[in-house]
Engineer: 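Please see the structure below; I have some questions.
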Amino acid sequence: MSKILVTDKEIVVPGQVLAEGMGFLPAGAAFRDKDRIIALKIGLVNIDGRLIKLIPLKGQYLPKIHDLVIGKIEDVMLGSWLVDYGGSKYAMLSARNFLQRNNQVDDLSQFMDVGDVIIAKIYKVVRKNTVDLSMQGPGLRKLGNGRVIEVSPPKVPRIIGKQGSMISMIKDQTNCRISVGQNGWVWVYGPDPNMEMIAIETIRKIENESHIPGLTDRIKDFLNSKVGKVDKVVKIDRVDEEGKEDV
Amino acid sequence: MYDKRFDGRKMDELRECSAKVGVVPSAKGSAMFKIGNTIAIAAVRGPRNLYPKFLALPDKALLRCNYNMMSFSGSGDRVRPGSSRRDREISLITQKALEPVLMLDEFPGSVVDIFIELLQTDAGTRCAGICAAAMALADAGFKMKGLVSAVSVGLIGNKMLVDLDNLEEHHEEGNTDIPVAMISGEDGITLLQMDGFCKPEQMKKLLELAKKACSKIHEVQKKALLEGFEK
């Protein structure tokens, strides 16, 4: 006899038994432990027929091939850079994946030095957390002015929204340029610092309230009320020296 | 005969428990666990690069615990600033108590650091530390097969007690102190230590008491973890 012990859309804690018996299949962060299905993370239960899916609400970023990530140069080696992208080990960006040629003689720090922030693509993943990056591709570049904030990686799909709807709404309303890395690092650059602050505030709000239904409407109202209040637009001549392409 | 407890509790009653997650905003996960006058704060850092490198495990992340009583925290001459032999032992048993539930296979070669600080101590610190650490790990979103809840049980004379405080731990009738940690308040024992003596049949009964107490603590932990997600 199989039976479900939780309801749909319930939030559960690690170790909580979701179902007993062999009649159900675990998915996401649910796990089969002998004849029970248990939760492995804090998450939202989604019951779909015989499938019990647990959507995690908290967690770490697990690198996946072809993901766009935002990272920071931590070290410059002879033929590569070491990049911190918030994972459990530094990623490697080899010079040939940046310069598009084999580099034998140059000092790589003339291109990018320690502390520079980049947007790159994951090009190879070995053993779950050994990562190779590439910067060959449209929009992959060193990021100039702006600021980087960190959000919880499981919330990234909610910040981007369906086909980028949420992020383009924030971009349109605040006039900021925003790049969201799958690793949860978000680069925000606005010509007006007030708008930059509103964009960050909005992203934080999405992060905190993503599990509550009706998110898009709430964010729309929030943006309207905030952007409307900025009466005096501070004009500061801020220039992003790097490319104009947005990602 | 010790038949009435100093603070008026029943023999199998816990001190008042409360818990909270997210107390250290800069950490990946953090939690506070308070039982009576004992307060523990745990913060999780990582998974991150591991130094020194030779400690790295090829198949999973290393779990590294650090237990520390703050110099202003406690009673008696036991609390001195800095690490001691006792701190290192408790750090080790905390790590051993948490390892069975944690699945760190996604981060081979890296480290997950847990820092446990005791702000105020009145016995039962290793148990409070383990409870806080388990919650902090869940808050950080690590894969865990269960939450670990811990409590101490013991004997004064022939009386069986749950959750001894500092006065009871140093009772003149002689005492036995048994810290127990259990998975999800019932499933298995991950920590079992003993100071003093007890008979096998007493031990069985004490473990039953510990199981009941752990499931109560588990409820407190669960409630605290879900608190931020109320609609």
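Quick caveat: nothing in here was measured; it's all calculated off a predicted structure. Numbers restart at 1 for each chain; the letters A, B, ... are given by sequence-line order, proteins then strands.
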Engineer: If you tally heavy-atom pairs under 4.5 Å against chain A, which of P108(B), G46(B), A140(B), S110(B) wins?
Structural biologist: P108(B)

Engineer: Using a cut-off of under 4.5 Å for heavy-atom pairs, which of P58(B), A134(B), A61(B) has the most such pairs with chain A?
Structural biologist: P58(B)

Engineer: Sort out for me which residue in K128(A), K89(A), Q60(A) forms a side chain to side chain contact (heavy atoms under 4.5 Å, CB included) with F107(B).
Structural biologist: Q60(A)

Engineer: Between D33(A) and K145(B), is any pair of side-chain heavy atoms under 4.5 Å apart?
Structural biologist: no

Engineer: Tell me if the NZ atom of K72(A) is crowded by more than 12 foreign heavy atoms within 6.0 Å.
Structural biologist: no

Engineer: Measure distances from E209(A) to the heavy atoms of chain B and classify the residue's part below 4.5 Å as side chain, backbone, both or neither.
Structural biologist: neither

Engineer: Counting heavy-atom pairs closer than 4.5 Å to chain B, which one of V12(A), N208(A), V13(A) comes out on top?
Structural biologist: V13(A)

Engineer: How long is the span from the CE atom in M135(B) to the CD1 atom in I42(A), to the nearest 0.5 Å?
Structural biologist: 9.0 Å

Engineer: Which region of F31(A), side chain (C-beta onward) or backbone (N, CA, C, O), has a non-hydrogen atom less than 4.5 Å from a non-hydrogen atom of chain B, or is it both or neither?
Structural biologist: side chain

Engineer: Around atom OH of Y123(A), are there more than 12 heavy atoms of other residues, nucleotides or ligands at under 6.0 Å?
Structural biologist: no

Engineer: In Å, rounded to the nearest 0.5 Å, how long is the span from CG of L225(B) to CG of L57(A)?
Structural biologist: 11.5 Å

Engineer: In Å and rounded to the nearest 0.5 Å, what is the CD1 to CE distance from I38(A) to M144(B)?
Structural biologist: 11.0 Å

Engineer: Please give me the minimum heavy-atom distance between N129(A) and E106(B), naming the atom from each residue.
Structural biologist: CB-O, 4.1 Å

Engineer: Roughly how far, to the nearest 0.5 Å, is CG of L102(B) from CG of L40(A)?
Structural biologist: 10.5 Å

Engineer: Relative to chain A, which of P47(B), G146(B), A138(B), G109(B) shows the most heavy atom pairs under 4.5 Å?
Structural biologist: P47(B)

Engineer: If you count heavy atoms of other groups shown closer than 6.0 angstrom to CZ of R50(A), is the number above 12?
Structural biologist: no

Engineer: Do the side chains of K58(A) and D139(B) get close enough for a salt bridge, i.e. N-O under 4.0 angstrom?
Structural biologist: yes

Engineer: Within a radius of less than 6.0 Å around CD of E99(B), do more than 12 heavy atoms belonging to other residues, nucleotides or ligands occur?
Structural biologist: yes

